[in-house]
Amino acid sequence: MSISGAIRARFAPSPTGYLHVGGARTALFNWLFCKRFGGTFVLRIEDTDILRNIEGAEQKLIDDLRWLGILYDEGPDVGGPLGPYRQSERRDLYDAAVRKLLAEGKAYYAFDTAEELDAMRKSAEAQKRSFRYPRPAHFPTEADAARARAEGRPVVVRFAVPNESITVHDEILGDVTFGAGELEDLVIVKSNGWPTYHFAVVVDDAHMKISHVLRAQEHLMNTPKHVFMQRALGYPVPKFAHLPLVFNIDGTKMSKRDKHKVVRAAVKERLRSKAWTKDDAARIAESAAEAMDTWLDKADTELDMGQVTRLAAAAGVVIPEIDVHDFRLSGYLPEALVNFVALIGWSPKNDREVLTREEMIEAFSLEGINKTAGRFDREKLLAMNTTYAAAASPARLREAFRDWASVSGSALSKLDDATAARALEVCKGFRTFRDVESKVGVLFGPDEAVAYDADAVQKVLAKGGGAGFAVLERLAPILEKLEPWTAEGVDGVIKGYCEESGAKMGDVAQPLRVAVAGRPVSPAIGETLVLLGKAGTLKRIGRCLRLRDGGSVAS
RNA sequence: GCCCCCAUCGUCUAGAGGCCUAGGACACCGGCUUUUCAUGCCGGCGACCGGGGUUCGAAUCCCCGUGGGGGUGCCA
């Protein structure tokens, strides 16, 4: 049977956490494909593994897709004619399909325990042969299954894979042939009664009339299994397109465990250099000592993210972004992330890189998708975000900034619109919103929070017999008289001072900068002082002056 | 081990037998702009995995090798 009629594609994540960037790319390609060819894009939640489902994950997935602007036509929250869109709500469909296979002798009951299967696999491995589940000569009957159940044995259903070779056509990779007898009889219904992924996918894709399956290449080996099942069930076989994988820049798999890996390594380094003790680490993380020990020793364990975040901050390492939400918190623009991710494994040709959504849709095609796995180059993402931020309209930028500030809990979320716009404007050239915060955040915080950088104080203020301090002292009364308090006015004061004293701009601007920001980094000095306000500026200059002769700013 | 996929600058890629002296972007290096940090602008470095074929001609087609990756679950 072949597909005819409308184009329908789906993104089918399991609700086990935030949306991974790899998943986002898969969703994006499905969405682009549908938009380009007039298809319907479906979101289906694959929650057949009851144990792994995480409360609230579905909503997070939906939020992240929304944030990216990847909107679906049918899904669990928006409904649609072929729902429900959660597999956990479609049990009757799977049950009916299994009954059919069982009745037709295309699937059979099996009663092996996990231990027995494990032993079989191990012995096969020991004999250096590949393990394939041995299909019984006669399939167990319903009565056998009932008896096994009564005896407390696990009862699963396996699909009897036809003993024939199969060629699957992939829209990206071309024909892929699998030899006869290479596939084993896979479990399609677990002992808890729920279908496995393979089975649920096949049943749902058919019932939801999915015409094109665009999914990650890690699913390529699953495709022949699915096609055999589609044939056995009399379903149409959709078209397949397996997308190249996305890896970290070092070629490793992008996994949420990377976050723990990076922080774990940093903590271990601290322990090795005796900068921290294990107790310090546990205290910083606010975790129990045993939990810390386990986390340090075992790469496959996780502390909660709050603990990891505290450790990372204390150790001064940056946690790598893996989930879409991580990028959101880091202050990226969704349109930049989308554009960047689209370019991993796909090319619009003609040396084009920065594309609007509409341009991407217009340029999208399966032919433009590569076969080669790609790497996620954060540097390039950063550059792209910088480009997008520089090109965004003030209104769009302010909106995105507000979203970031509120989601990340930044103190900058309390800025009024005009001030936020001004802050964004004077930070022009920033890479992410996080950069904006690190550049101007201190101007909106309490005076006591200004942390004077020792090197900067030495170099800019104390050096040359306290030349910088002297500048501050002389400038303060002049600034006090300045009215109105504008960037131009401040600049004028500085220029006038320079002309009069023969000082260079840097000799004046830098002391002021360090006095109000604690560091030699801030927006243009006039803008910086205006954002701070006149009172704040004078107050901070006064506080800074107390640093002279080794004084303290503490009041 | 077995099965499958892949192979152009460090990275993402353009390239569908002559247009290739292999193009673009990021990174990197150098310079310019500049009151700091960035941004911006200009320039430079830099790749067809190896070996055999096919062809007048191969980055492009075929074979072998090598390398990388995926799969081999009652996870998806």
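We name chains A, B, ... by the order of the sequence lines, and we start the count at 1 in each one.
- With C6(B), U36(B), G24(B) as the candidates, the nucleotide lying closest to the side chain of Ala524(A) is U36(B).
- The aromatic ring centres of Tyr94(A) and His207(A) sit 6.0 Å or more apart.
- Checking Thr252(A) against Asp250(A) by side-chain atom types alone, a donor-acceptor pair falls below 3.5 Å.
- Of the listed nucleotides (U35(B), C12(B), A76(B)), C12(B) has the atom at the smallest distance from the side chain of Leu343(A).
- Taking the nucleotide of RNA chain B with the nearest heavy atom to each of Asp491(A) and Pro244(A), the more 5' of the two is matched to Pro244(A).
- The phosphate of G15(B) has OP1 or OP2 within less than 4.0 Å of a side-chain N or O from Lys349(A).
- Distances were taken from every side-chain heavy atom of Glu353(A) (C-beta onward) to each of A7(B), C12(B), G71(B); the shortest belongs to C12(B).
- Listed pair Arg352(A) / G24(B) fails the phosphate criterion, with no side-chain N or O lying under 4.0 Å from OP1 or OP2.
- Put simply, NZ on Lys225(A) is 9 Å from P on C74(B), counting in whole angstrom units.
- In the set U35(B), A76(B), G24(B), the nucleotide with an atom closest to the side chain of Arg513(A) is U35(B).
- The base of G69(B) does not come close enough to the side chain of Gln217(A) for any donor and acceptor atom to sit less than 3.5 Å apart.
- No donor-acceptor contact under 3.5 angstrom links the side chains of Asn222(A) and Tyr197(A), judged on distance only.
- Nucleotide C26(B) holds its C1' atom 6 Å from the CG atom of Asp377(A), rounded to whole Å.
- For G73(B), neither phosphate oxygen OP1 nor OP2 lies less than 4.0 angstrom from any side-chain nitrogen or oxygen of Lys190(A).
- Using a 4.0 Å heavy-atom distance criterion, Pro13(A) is classed as making no nucleic acid contact.
- Comparing A76(B), C3(B), G70(B) by their nearest atom to the side chain of Glu182(A) picks out C3(B).
- Checked by distance alone, Arg121(A) brings no side-chain donor or acceptor within 3.5 Å of a matching partner on the base of U72(B).
- Between Arg158(A) and C74(B) there is a side-chain polar atom (N or O) within less than 4.0 angstrom of OP1 or OP2.
- Residue whose closest nucleotide on RNA chain B sits further toward the 5' end, between Asp47(A) and Gly374(A): Gly374(A).
- The base of C37(B) sits with one of its N or O atoms less than 3.5 Å from a complementary donor or acceptor on the side chain of Lys439(A).
- Within the 4.0 angstrom heavy-atom criterion, no nucleotide atom of any strand lies near Asp170(A).
- In the interface, the side chain of Lys380(A) is paired with the base of A25(B) through a donor and an acceptor atom under 3.5 Å apart.
- When the nucleotides C12(B), A14(B), U36(B) are ranked by their closest atom to the side chain of Asn370(A), A14(B) comes out on top.
- The nucleotide whose nearest atom lies closest to any side-chain atom of Thr386(A) is, among U39(B), G70(B), A27(B), U39(B).
- A donor-acceptor contact under 3.5 Å is not formed by the side chain of Thr196(A) with the base of C74(B).
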